[in-house]
Number of protein chains: 2
Amino acid sequence: MSTDTTRTAILRAAERLYAERGFGDVTLRDIVAAAEVNLAAVNYHFGSKDELITELFVTRSIATNRERLNELKAVEAAGGGRAPVDDVLRALVGPTMRGCLGPDSQRSDAARFMIRASIEAIPAIRKIKTREIDHLRKFAAALRRSLPGTADVEIYWGLHFALAMAHQTVRDSERLLRLSDGACDLNDVDGAIARVVNVAALALTAPKPSAAAKAPARRER
Amino acid sequence: MSTDTTRTAILRAAERLYAERGFGDVTLRDIVAAAEVNLAAVNYHFGSKDELITELFVTRSIATNRERLNELKAVEAAGGGRAPVDDVLRALVGPTMRGCLGPDSQRSDAARFMIRASIEAIPAIRKIKTREIDHLRKFAAALRRSLPGTADVEIYWGLHFALAMAHQTVRDSERLLRLSDGACDLNDVDGAIARVVNVAALALTAPKPSAAAKAPARRER
DNA sequence: GTCTATATTGCGATAGAC
DNA sequence: GTCTATCGCAATATAGAC
């Protein structure tokens, strides 16, 4: 365990730098400088830059998914196997949003790293994304229990929109902040989560407009 | 005009490749190979890789904003200066979504390029983003006319969520497609736009939960 | 396990002939 | 304007001493 200090220092430094600046802009030299270890140590411990990124991603992905499922399990147990829609959605978007917007810096690095990973297309990561689909199916199933009678398509769109709003909120909070001149308070993490959950729940429960209204005559340009 | 063929070929090839693979993974050598021009031509016509990207971004940014504003102007004129919320939102998200999901490949390259540009942090682009804020203020103003009495903060969050959903839908349509086993039809562009517009409109018009409901007691982990 | 030193590759950019 | 050839640099990765 004592010789893991170098390895751990590399992982922590890499996660922080990748979260801040993305994969393309961070070199192994940047990482070893931040971790105060030798350049060769990275290849010794991880084999290559891509394998380092993959290890980070897999570790964090498992942790995030577990956190989400724990919350889901808790709210479903509290409701006798059927949780309110809001609680299911909060279990989905809460961990990431609290991680990115909250004060804990190491959680923040981890969450922001995951956002980067979901955006920048590292080949190894694309493969792992299949697991994310399976993970989301568990939330689809929970929503089916919460909303019996709702079409599956609506549930998928609801999950999609919930993740879209959560993701964008943590990824580009600056635009919202500047647009609103600071009036939209992103330090209020629970408030932001509640907004995302509320809108996603509306998407899932509000009556749908008729099909005719979905494709209005397109205006000329 | 005839000597612009090289320049134009570079721009088109660069836009397509950047749209497909992102800025970091596409080299000037990739671009000149696709455009079937000489390597030195890029630096002759544009000065540097960053200036090439900037030129593409500025051009497309202006075009997208003009398209959005034209649609906004049309729907506001049709309503005597006050357009329905749905129409304002459709003017905002329609151009990008039609561009990315629609069949026209050149429009698709352009729209997907813009998505890339909004994600990957090229310094020159970050500067231009200030203009995007000003652009969004026009839509905030239109929504204020559509929804008198709605708090500004709600309008900003509504715009934020509308863009988030539109953006994610075109950026990661694959996840939704796989999650739904193809049941969520993204070839129905107008249907997808209607869904985004509908949910964003709900976010803007539905009554808000009380403040107490926004910060429920956090469950232990 | 950790270091120094280096091999190797590929990048953006440029000089200079045509 | 377009080409060939090449510079200078920074990247990942590795070999081999300790």
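A, B, ... follow the sequence lines: proteins, then strands. Residue 1 opens every chain.
B/Arg112 is not listed as a side-chain neighbour of B/Val170, based on a closest heavy-atom distance of 4.5 Å or more.
B/Asn65 places no side-chain N or O within donor-acceptor distance of the main-chain N or O of B/Ile62, the cut-off being under 3.5 Å. Distance alone, capped at 3.5 Å, is enough to place a donor-acceptor pair between the A/Arg68 side chain and the A/Leu92 backbone.
Between A/His160 and A/Trp157, the ring planes lie perpendicular to each other; the angle is over 60°, past the 30° to 60° tilted range.
We find that A/Arg195 and B/Glu154 are joined by a salt bridge, their nearest charged nitrogen and carboxylate oxygen being less than 4.0 Å apart.
Regarding A/His45, its NE2 atom lies at a distance of 15 Å from the C1' atom of D/dT14, rounded to whole Å. We find that CZ of A/Phe46 is positioned 15 Å from C1' of C/dT2, with the value rounded to whole Å.
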What nitrogen or oxygen pairs link the protein and nucleotides 10-17 of chain C at under 3.5 Å?
residue : atom : partner : partner atom : Å
C/dG12  : OP1  : B/Leu28 : N            : 3.3
C/dG12  : OP1  : B/Lys49 : NZ           : 3.2
C/dG12  : OP2  : B/Leu28 : N            : 3.0
C/dG12  : N7   : B/Arg29 : NH1          : 2.8
C/dG12  : O6   : B/Arg29 : NH2          : 3.2
C/dA13  : OP2  : B/Asn43 : OD1          : 3.4
C/dA13  : OP2  : B/Lys49 : N            : 2.9

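OP1 or OP2 of C/dT2 has at least one side-chain nitrogen or oxygen of A/Thr6 nearer than 4.0 Å.
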